2 protein chains.
Amino acid sequence: MKRKALPKRIHAKQKRLSPDDRRKEFVAKATEFFADEGFGGGTRDLARRLGVTQPLLYRYFPSKGDLIKEVYRTVYLEPLDTGWEKLLCDRSRPIRDRLQEFYRAYTAVIFTRKWLRIYLYSGLKGLDINRWYVGVVRDKILTRIIRECRHEAGLPAHTRPTASELEMAWVFHSGIFYYGVRKYIYESPVLEDKQQMISDALDVFLAGFERVFGSTVDTGRAPVPAAGRAALSL
Amino acid sequence: MKRKALPKRIHAKQKRLSPDDRRKEFVAKATEFFADEGFGGGTRDLARRLGVTQPLLYRYFPSKGDLIKEVYRTVYLEPLDTGWEKLLCDRSRPIRDRLQEFYRAYTAVIFTRKWLRIYLYSGLKGLDINRWYVGVVRDKILTRIIRECRHEAGLPAHTRPTASELEMAWVFHSGIFYYGVRKYIYESPVLEDKQQMISDALDVFLAGFERVFGSTVDTGRAPVPAAGRAALSL
DNA sequence: ATAGTTAGTGATCAAGCGATAAACAATTCA
DNA sequence: TGAATTGTTTATCGCTTGATCACTAACTAT
């Protein structure tokens with residue numbers, strides 16, 4: 001591209017990017033690379049994919065582990081905190097709309113081959129950042145969802161969710177999450193229309209939640225239907 | 001234990017097991033080992049855990065890959081096919097009981113650190129056996145569940161499930177599945193009572209399914225409530 | 001007992017790994 | 001222009017990996 005004089009040695013490509021751009025490029029492509037190969041992938045293969053030589057990586061990152069940490073940081077933190085909490089709590093809109101929009105936006109971020117694979121790999125490594133992320137989902141998302149569901153059902157919404165309620169929110173959330181795993185990790189055929197999946201899942205969850213945990217306010221049913229939470233009879 | 005005369009060399013332990021027992025022991029412990037370390041774990045570490053030397057592995061398995069294949073086989077195939085299909089289709093019992101018992105049994109098999117980790121690792125490798133397993137779950141479990149749900153809701157139960165119905169079964173199933181992942185992979189606190197989680201999830205799913213996909217037969221509601229499957233309004 | 005078979009071991013190879021040091025090339029500034 | 005600086009490569013080190021080979025010791029059959 002931009003080469004003044006032919007160097008004596010035949011260096012196929014010598015870009016000489018600004019350090020900051022180079023670093024960002026390294027982290028971005030390393031994310032893809034480790035998503036594909038797992039974190040056992042070699043630094044030589046990674047460098048080949050980057051179009052540079054392997055030792056150059058060590059000018060930008062002290063060790064492979066540090067590069068990986070940076071990959072984690074960008075994957076986990078970059079897409080987060082985009083006003084989702086406020087969206088979930090905006091009671092001027094119907095709860096169903098809020099949840100639908102939230103999950104549309106949330107899945108638009110995490111339903112990529114890259115994100116899901118890095119997430120699963122880091123989960124298998126038992127990393128702290130993964131535990132932290134699970135905690136964030138629980139406290140910032142699921143707890144709010146339950147609060148809003150309670151409010152909708154005419155239940156007191158200011159107390160902390162019960163363990164059972166939280167668990168149901170997890171089951172619902174994980175069900176949606178696994179749609180992405182099936183599609184991008186297992187590469188299994190899924191319902192092509194993601195929005196409909198979310199919509200249906202929401203319908204099932206909201207209807208079921210109210211019926212199982214809801215009060216008598218607007219249903220006329222007993223608070224906890226006997227058939228609904230019956231003990232296992234076998 | 002059983003040593004006639006002290007050998008000249010100090011061989012700490014020389015068990016000399018029958019080949020068949022040895023092989024089984026190797027596969028079993030290799031499963032645990034790879035579940036812990038991932039399939040990148042070294043053969044030397046594995047051998048150390050087995051209490052033998054590394055070359056001995058190659059007397060029983062031509063290569064590390066072959067050993068791993070055998071691990072897959074035992075993990076995936078061994079616990080399968082225990083009459084679950086018949087259980088699901090036994091219409092002499094209430095559908096809720098059947099599903100509850102099925103998921104109690106199913107999760108008793110797969111909710112182990114070992115099973116879940118091997119499953120996730122193999123999924124990330126994109127192995128055929130993993131795709132096969134996903135197909136089995138879809139055809140042998142979820143399709144039957146939907147058929148029974150339809151029967152329960154007074155819908156025709158002999159036609160193949162729609163893509164939407166199948167997707168909802170996946171969301172439900174995955175939600176339960178991920179309870180195990182949260183507990184054994186992320187080691188995150190979960191609702192201690194697994195049975196209650198299953199029970200509640202079932203209640204939500206059954207109530208929601210009937211409301212979203214159900215007919216008018218026993219509910220007196222419109223077949224597809226307008227509010228239930230409304231298009232997203234944003 | 002003794003010969004034959006085979007489970008198990010120690011030593012080692014070639015290849016690949018992460019990481020380092022020194023040489024070189026491109027840019028910047030005097 | 002020439003010196004200093006910094007990005008990039010070549011060459012290489014020490015270590016680990018999967019795999020192999022020759023050998024030893026335990027079991028089996030006669």
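Here the structure is a predicted model, which means the values were calculated and not measured. Every chain is numbered from 1, with letters handed out A, B, ... down the list of sequences.
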Between P of C:dG8 and CZ of B:Arg23, the distance in whole Å: 13 Å

Verify the contact: side-chain N or O of B:Tyr60 to OP1 or OP2 of C:dG8, cut-off strictly under 4.0 Å; return yes or no. yes

Quick one: pull up CZ in B:Arg138 and CZ in A:Arg182 and give me the separation to the nearest 0.5 Å. 9.5 Å

Suppose we call two aromatic rings close when their centres sit under 6.0 Å apart. Are A:Tyr103 and A:Tyr179 close by that rule? no

To the nearest Å, how far apart are B:Leu56 CG and C:dT9 P? 6 Å

Taking side-chain contact (heavy atoms from CB on, under 4.5 Å) as the definition, give me every residue that meets it alongside B:Ala30, ordered by chain and number, with sequence neighbours left out. B:Phe34, B:Leu46, B:Leu67, B:Val71

Is the NZ atom of B:Lys125 crowded by more than 12 outside heavy atoms at less than 6.0 Å? yes

Could you give the CZ-to-C1' distance, from B:Arg48 to C:dG10, as a whole number of Å? 15 Å

Whole-Å gap separating C1' (C:dG10) and CG (B:Leu57): 15 Å

C:dG8, D:dT17, D:dG7: which one has an atom nearest the side-chain heavy atoms of B:Asp45? D:dT17

Step through it carefully: locate the ring centre of B:Tyr133, locate the ring centre of B:Tyr119, and say whether they are under 6.0 Å apart. yes

Filtered N/O pairs between nucleotides 18-21 of chain C and protein, under 3.5 Å:
unit_1: C:dG18; atom_1: OP1; unit_2: A:Lys64; atom_2: NZ; d: 2.7
unit_1: C:dG18; atom_1: OP2; unit_2: A:Thr43; atom_2: N; d: 2.7
unit_1: C:dG18; atom_1: OP2; unit_2: A:Thr43; atom_2: OG1; d: 2.8
unit_1: C:dG18; atom_1: N7; unit_2: A:Arg44; atom_2: NH2; d: 2.5
unit_1: C:dG18; atom_1: O6; unit_2: A:Arg44; atom_2: NH2; d: 2.9
unit_1: C:dA19; atom_1: OP2; unit_2: A:Tyr58; atom_2: OH; d: 2.6
unit_1: C:dA19; atom_1: OP2; unit_2: A:Lys64; atom_2: N; d: 2.8
unit_1: C:dA19; atom_1: N7; unit_2: A:Gln54; atom_2: NE2; d: 2.9
unit_1: C:dA19; atom_1: N6; unit_2: A:Gln54; atom_2: OE1; d: 2.9

CG of A:Leu50 versus P of D:dT9: gap in Å, rounded? 11 Å

Working to the nearest 0.5 angstrom, can you tell me the gap between A:Leu191 CG and A:Asp200 CG? 7.5 Å

Rounded distance (Å) that lies between atom P of D:dA22 and atom CZ of B:Arg59: 13 Å

Specify the separation, in whole Å, of atom CZ of A:Arg22 and atom P of D:dT6. 17 Å

